[in-house]
Amino acid sequence: MIMSNIIFHIDVNNAFLSWSAVELLNKGSKVDIREECAVIAGDETKRCGVVLARSIEAKKKGVITGESLFNARRKCSNLKVYPPNHDLYEKMSGKLFELISEFTSDVEIVSIDECYVDYGKVKNLYGNEIMFAYKLKNIIKQKLGFTVNIGIANNKLCAKMASNFSKPDKVHTLYEDEIKDKMWILPIDELYGVGEKTSEKLKVININTIGDLANFKPNELYKYFKKQTTKMIDMANGIDNSIMKYDEVCQKGISHSTTLERDLIEKEELYKILQSIAEKITMALRGQNKYTYVVAVILRDKFFNNYTHQTKLKNATDMPDEIFQISKRLFNEMWNLEPIRLIGIRVDQLVSKDNYQLSIFEDFKEREKQSKLEKIITKLKEKYGNNVIIKASLVRRNGKK
DNA sequence: TCTGGGGTCCTAGGACCC
DNA sequence: TCTGGGGTCCTAGGACCC
């Protein structure tokens, strides 16, 4: 018999809002903002007024994460709005993962407020997974003051889907034989990886639930989704072979962007902002002991059109002025003079400084080898004439057509 | 005073090479 | 003379997630 995996997905309920609630209570506040119709949202005067997290009451009124406060207020006239506190969230996140790691080190952190646990590895120690999940969620609530959902399944995808069932403070399972009853009945946009655009397309061909997708003819679906088809149908069937990633995976890129308080067309002002962003990027790069090979500038104009323009460098860098000068050039090449709402820089293809030094060294060794070879060829030519050695690449080129 | 910021992954098209 | 094909790299944009 094949031992199947047991994976937990642990997800903080309304993380930012819960964490702010705990902090306010600790500071002596009499109200628990989780009980109000409340949201955590950015500053409207800085044009960052979007909902980052909402309470259950706000959710009931139809408030969605990511929507403007303007819209949210229309749905809920007595909406309470609290500012985000990212330092606090980092701290609370750290406490959560620290607590979980007291039980097991087989943890994959996927974002500030969620992780996977390979429970199969510790089942011998703690016993039945459902019992343990209840225990763990209660310990978190008791020690840290906020609630989590735990999804239990045989793979990461199903665990993730399970933790998303009813909330808050719940444990759910989604084993293989439960997929039909628990997952297929859900609307298609609740499938992980199916967002707004894909679900719109799916609804056009009458796929409205996850079950509809799971049972759709693959070759029919192929007409619309090409290479993505197999993956989509697999996911609707709860099939996922992705493995746990325990090691901290190297970050691929770093970006910084800012929405301006008003739309700007003044070049010099935009340069100044670009420069300060370049400095922040540099700090982040140096913090990770990395250089970058790719610099990109990101723009959003007043019409909400997004543009990016990037370039690959010959030599990786972490120099603020170099990154700024490149960004300035990219900006000038790209900007169509429309007023700018958002400006940013992204760096990509990062390389650790240690590896980079090594590659320069390798390069150097290669060049040295090359120059030795050139010297030998010169000597041979002196002795036997010019035709004695013809580079392979030249032979190939001359021999062709 | 409607629409954040930081990520990842995928795709398509063009350039270029063999 | 009539228009290969496979591979890789690079860029821009889109979609999605938290």
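Numbered from 1 within each chain, the chains take letters A, B, ... in sequence-line order. For clarity, every value in this text was computed on a predicted model and none was experimentally measured.
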Between [options], spot the one nearest the side chain of [X], thanks.
X        : options                : result
A:His309 : C:dT11, C:dC16, B:dG6  : C:dT11
A:Ser68  : B:dG6, B:dT3, C:dC18   : B:dT3
A:Gln310 : B:dG6, B:dT11, C:dT11  : C:dT11
A:Glu114 : C:dC18, C:dC16, B:dG7  : C:dC18
A:Val50  : B:dC2, B:dG4, C:dG13   : B:dG4
A:Lys160 : C:dG13, C:dC16, C:dC18 : C:dC18
A:Thr45  : C:dG13, B:dG4, B:dT1   : B:dT1

Under 4.0 Å, heavy atoms only, any strand: does [X] hit a base, just the sugar-phosphate, or nothing?
X        : value
A:Arg73  : nothing
A:Gly344 : nothing
A:Gly42  : nothing
A:Ile112 : nothing
A:Lys201 : nothing
A:Lys226 : nothing
A:Val294 : nothing
A:Arg47  : sugar-phosphate
A:Asp113 : sugar-phosphate
A:Leu342 : sugar-phosphate
A:Thr65  : nothing

Do any side-chain nitrogens or oxygens of [X] fall under 4.0 Å of OP1 or OP2 in [N]?
X        : N      : result
A:Thr311 : C:dC10 : no
A:Ser111 : B:dG7  : no
A:Thr198 : C:dA15 : no
A:Thr259 : B:dG5  : yes
A:Arg341 : B:dG4  : yes
A:Arg300 : B:dG5  : no
A:Lys231 : B:dC9  : no
A:Gln251 : B:dG7  : yes

Short side-chain donor-acceptor distance under 3.5 Å, [Y] and [X]:
X        : Y        : answer
A:Asn13  : A:Ser18  : no
A:Tyr82  : A:Glu36  : yes
A:Tyr89  : A:Ser20  : yes
A:Asn332 : A:Arg329 : no

I'd like to know if [X] and [Y] make a salt bridge, using a cut-off of under 4.0 Å between side-chain N and carboxylate O.
X        : Y        : result
A:Lys160 : A:Asp240 : no
A:Lys60  : A:Glu57  : yes
A:Glu268 : A:Lys272 : no

Checklist outcome for this item: Annotated structure of DNA chain B as dot-bracket, pair cut-off 3.5 Å, Watson-Crick or G-U only, | for inter-strand, is ....||||||||||||||

Checklist entry - Under the 6.0 Å and 45° cation-pi test, does A:Lys328 pair with A:Tyr271? => result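 Verdict for A:Tyr271: a cation-pi partner in A:Lys328.
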
Nearest-Å distance, [atom1] ([X]) to [atom2] ([N])?
X        : N      : atom1 : atom2 : answer
A:Asp301 : C:dG13 : CG    : C1'   : 15 Å
A:Leu299 : B:dG5  : CG    : P     : 14 Å
A:Ile64  : C:dC18 : CD1   : C1'   : 16 Å
A:Leu260 : B:dG4  : CG    : P     : 12 Å
A:Tyr89  : B:dG4  : OH    : C1'   : 14 Å
A:Met235 : B:dC10 : CE    : C1'   : 14 Å
A:Leu52  : B:dG5  : CG    : C1'   : 9 Å
A:Tyr192 : C:dA15 : OH    : P     : 17 Å

Next on the checklist: Taking the nucleotide of DNA chain B with the nearest heavy atom to each, does A:Glu44 or A:Phe16 sit closer to the 5' end?
Outcome noted: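 Checking each residue's closest nucleotide, the 5'-ward one belongs to A:Glu44.
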
Next on the checklist: Here's a test of your reading of the structure: between A:Phe304 and A:Lys252, which maps to the more 5' nucleotide of DNA chain B?
Outcome noted: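 Closest to the 5' end, via its nearest nucleotide, is A:Phe304.
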
Item to check | Near-ring test A:Phe16/A:His86, centroid separation under 6.0 angstrom | outcome: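 Yes: the rings meet the under 6.0 Å criterion.
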
Checklist entry - Would you say A:Phe70 stacks on B:dT3, if stacking means ring centres under 5.5 Å apart and planes within less than 30 degrees? => result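 A:Phe70 ring does not meet the centre or angle cut-off for B:dT3; no stack.
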
Next on the checklist: With rounding to the closest Å, how many angstrom separate the C1' atoms on B:dG4 and C:dC17?
Outcome noted: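 It comes out at 14 Å once rounded to the nearest Å.
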
Next on the checklist: Keeping A:Glu178 on the side-chain end and A:Tyr175 on the backbone end, is there a donor-acceptor pair under 3.5 Å?
Outcome noted: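 Such a contact is found between A:Glu178 side chain and A:Tyr175 backbone.
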
Checklist entry - Parallel under 30°, tilted from 30 to 60°, perpendicular over 60°: which one fits the rings of A:Phe132 and A:Phe103? => result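 A:Phe132 vs A:Phe103 ring planes: perpendicular.
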
